Participant: 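Can you read through this structure? Questions will come right after.
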Amino acid sequence: MAVEYIHYGHKKFQINRFVPIRNEELRNKPFGGLWASRTDAKYGWKEWNEDEHFRECEEENSFKFTLSTNANVLEIHSHKDLSKVPQVKKSIFNGTCLPDFEKLLSDGVDAIELFISDDRELYWSLYGWDCDSILVMNPDVVEEI
C-alpha cells in the first residue's frame with residue numbers, strides 16, 4: 001500500500017504553482033518544493049504546530065497525496081545517513097548539514113524524507129527540520145488523493 005502524506009495550507013495540489021527547488025546560501029532548507037508529513041507520522045507537522053502554537057493545521061485547508069511508484073525518495077533515518085547527501089559546502093556551524101538540493105534533484109532524487117523520530121541527533125544536524133517530514137522536489141511524482 002502506498003504511503004499517504006498530508007500537506008497543510010492548500011486545499012489541492014496545483015502543479016502550476018509549484019516553485020522549483022533552489023539552494024539558499026547558508027540554509028539547510030531550499031527555496032521551493034512541497035513540504036508534507038506522513039498521515040501516520042510519529043511526530044509530523046500537525047503535532048509540531050500544536051506543540052509550538054505556531055499555526056492551525058485544519059483538514060479543510062489541506063490535501064493528501066501519495067507518490068508515484070517510480071519516485072526516488074531518499075530516506076534519512078539517522079544522522080549517519082547524511083553522509084550520502086551531497087552538501088553545497090561545509091557549514092560554519094559544527095555538525096550541521098547543508099544539503100545540495102539542486103544536485104540531488106539533478107541526480108534523480110525526487111524527494112527527501114526525514115524521520116526525526118528515529119534519531120534525535122537529526123534535529124541538530126538539520127536544525128530547522130523540526131518534525132518527521134518529506135520535501136518533494138519533483139512535482140511530477142505527486143499523486144493527489
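As the structure is a prediction and not an experimental result, all values here were calculated from the model.
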Participant: Do Val73 and Ile112 belong to the same hydrophobic cluster, where Ile, Leu, Val, Met, Phe, Trp and Tyr are linked whenever their side-chain heavy atoms lie under 4.5 Å apart, directly or via other members?
Facilitator: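 No, separate clusters.
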Participant: Is Ile21 reachable from Leu114 through a run of hydrophobic residues whose side-chain heavy atoms are each under 4.5 Å from the next?
Facilitator: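 Both belong to a single hydrophobic cluster.
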Participant: Can you measure from CG (Leu135) to CG (Leu34) and round to the nearest 0.5 angstrom?
Facilitator: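 Leu135 CG to Leu34 CG: 8.0 Å, rounded to 0.5 Å.
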Participant: Is it true that atom OH of Tyr123 has more than 12 heavy atoms of other residues, nucleotides or ligands lying nearer than 6.0 Å?
Facilitator: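 Enclosed: over 12 neighbouring heavy atoms sit under 6.0 Å from OH of Tyr123.
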Participant: List for me each residue that meets side chain to side chain donor-acceptor pair (under 3.5 Å) alongside Asp110, sequence neighbours excluded, and say none if there are none.
Facilitator: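 Testing Asp110 for side chain to side chain donor-acceptor pair (under 3.5 Å), a comparison that skips the adjacent residues, returns Asn138.
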Participant: Do Leu104 and Leu74 have side chains that get closer than 4.5 Å, going by heavy atoms?
Facilitator: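 Leu104 vs Leu74: side chains touch.
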Participant: Is it the case that one hydrophobic cluster holds both Ile76 and Leu105, taking links as side-chain heavy atoms less than 4.5 Å apart, direct or via other members?
Facilitator: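 Same hydrophobic cluster.
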Participant: Flag the pair Trp45 / Ser133 as yes when at least one side-chain heavy-atom distance between them is below 4.5 Å, and no otherwise.
Facilitator: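 No. Closest side-chain heavy atoms not under 4.5 Å.
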Participant: Does Met137 belong to the same Ile/Leu/Val/Met/Phe/Trp/Tyr cluster as Val142, with side-chain heavy atoms less than 4.5 Å apart forming each link?
Facilitator: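 No: no chain of side-chain contacts under 4.5 Å links Met137 to Val142.
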Participant: With rounding to the nearest 0.5 angstrom, report the CD to CG distance, Gln87 to Leu98.
Facilitator: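 Going from the CD atom of Gln87 to the CG atom of Leu98 covers 6.0 Å.
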Participant: Is the distance between the ring centroids of Trp129 and Trp35 less than 6.0 Å?
Facilitator: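 Yes, they do, as the ring centres are separated by less than 6.0 Å.
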Participant: Linking directly or through intermediates, with side-chain heavy atoms under 4.5 Å: list the remaining ILVMFWY members grouped with Phe115, chain and number order.
Facilitator: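 Result for Phe115 is none, singleton.
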Participant: Would you list the pairs meeting salt bridge (Lys or Arg N to Asp or Glu O under 4.0 Å) in which at least one residue belongs to residues 123-145, sequence neighbours left out?
Facilitator: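 Residue pairs passing salt bridge (Lys or Arg N to Asp or Glu O under 4.0 Å), neighbours aside: none found.
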Participant: Identify the heavy atoms of Pro99 and Val85 that sit nearest to each other, and give their distance.
Facilitator: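 Between these two residues, the closest heavy atoms are CB-CG1, 3.7 Å.
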Participant: Quick one: pull up CZ in Phe13 and CG in Asn16 and give me the separation to the nearest 0.5 Å.
Facilitator: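 Here the interatomic distance stands at 9.0 Å.
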Participant: I want to check something: taking the side chain as every heavy atom from C-beta on, are Lys12 and Gln14 in contact at a cut-off of under 4.5 Å?
Facilitator: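 Lys12 vs Gln14: side chains touch.
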Participant: Enumerate the side-chain hydrogen bond (donor to acceptor under 3.5 Å, both in side chains) contacts for residues 46-56, please, sequence neighbours excluded, ordered by first and then second residue.
Facilitator: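 Those involving residues 46-56 are Tyr43-Asp51.
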Participant: State, to 0.1 Å, how close Lys42 and Ser117 come at their nearest heavy-atom pair, and which atoms those are.
Facilitator: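 In terms of heavy atoms, the two residues are closest at CB-OG, 3.4 Å.
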Participant: Could you tell me which residues satisfy side chain to side chain donor-acceptor pair (under 3.5 Å) with Ser68, sequence neighbours excluded, listed by chain and number?
Facilitator: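 Side chain to side chain donor-acceptor pair (under 3.5 Å) list for Ser68, sorted by chain: Asn70.
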Participant: Identify whether Tyr8 and Tyr5 are in the same connected component of the hydrophobic contact network (ILVMFWY, side-chain heavy atoms under 4.5 Å).
Facilitator: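 In one cluster: no.
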Participant: Main chain of Leu122, side chain of Ser125: is a donor-acceptor contact present, judged purely on distance under 3.5 Å?
Facilitator: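 No, the answer is negative, given that no donor and acceptor are paired below the 3.5 Å cut-off.
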Participant: Might you point out which heavy atoms bring Lys11 and Phe63 nearest each other, and give the distance in Å?
Facilitator: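 For Lys11 and Phe63, the tightest heavy-atom pair comes out as O-CB, 3.5 Å.
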Participant: Which heavy atom of Ser62 sits nearest a heavy atom of Ile6, and at what distance?
Facilitator: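 Of all heavy-atom pairs spanning Ser62 and Ile6, the closest is OG-CD1, 3.6 Å.
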Participant: If you measure from NE2 on His7 to CG on Asn61, what distance do you get to the nearest 0.5 Å?
Facilitator: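 Taking NE2 in His7 and CG in Asn61, the distance rounds to 8.0 Å.
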Participant: Answer yes or no: is there a side-chain heavy-atom contact under 4.5 Å between Leu67 and Val3?
Facilitator: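 Not touching, per the 4.5 Å side-chain cut-off.
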Participant: How long is the span from the CG atom in Asp81 to the CG atom in Asp119, to the nearest 0.5 Å?
Facilitator: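 With rounding to 0.5 Å, CG (Asp81) is 8.5 Å from CG (Asp119).
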Participant: For the pair Val88 and Phe101, evaluate side-chain contact (heavy atoms from CB on, under 4.5 Å) and give the outcome as yes or no after the intermediate values.
Facilitator: CA-CA 8 Å; Val88 286; Phe101 301 100; over 6 Å; no
Participant: Can you name the salt bridge (Lys or Arg N to Asp or Glu O under 4.0 Å) partners of Lys80, sequence neighbours left out?
Facilitator: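 Applying salt bridge (Lys or Arg N to Asp or Glu O under 4.0 Å) to Lys80 gives none.
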Participant: Rounded to the nearest 0.5 Å, how far does CG of Asn28 lie from CG of Asn23?
Facilitator: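 The distance works out to 11.5 Å.
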Participant: Which heavy atom of Ser37 sits nearest a heavy atom of Gly44, and at what distance?
Facilitator: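 Closest approach of Ser37 to Gly44, heavy atoms only: OG-CA, 3.6 Å.
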Participant: For Asp118 versus His77, what's the shortest heavy-atom pair and its separation?
Facilitator: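 Distance-wise, the nearest heavy atoms are OD2-ND1, 2.6 Å.
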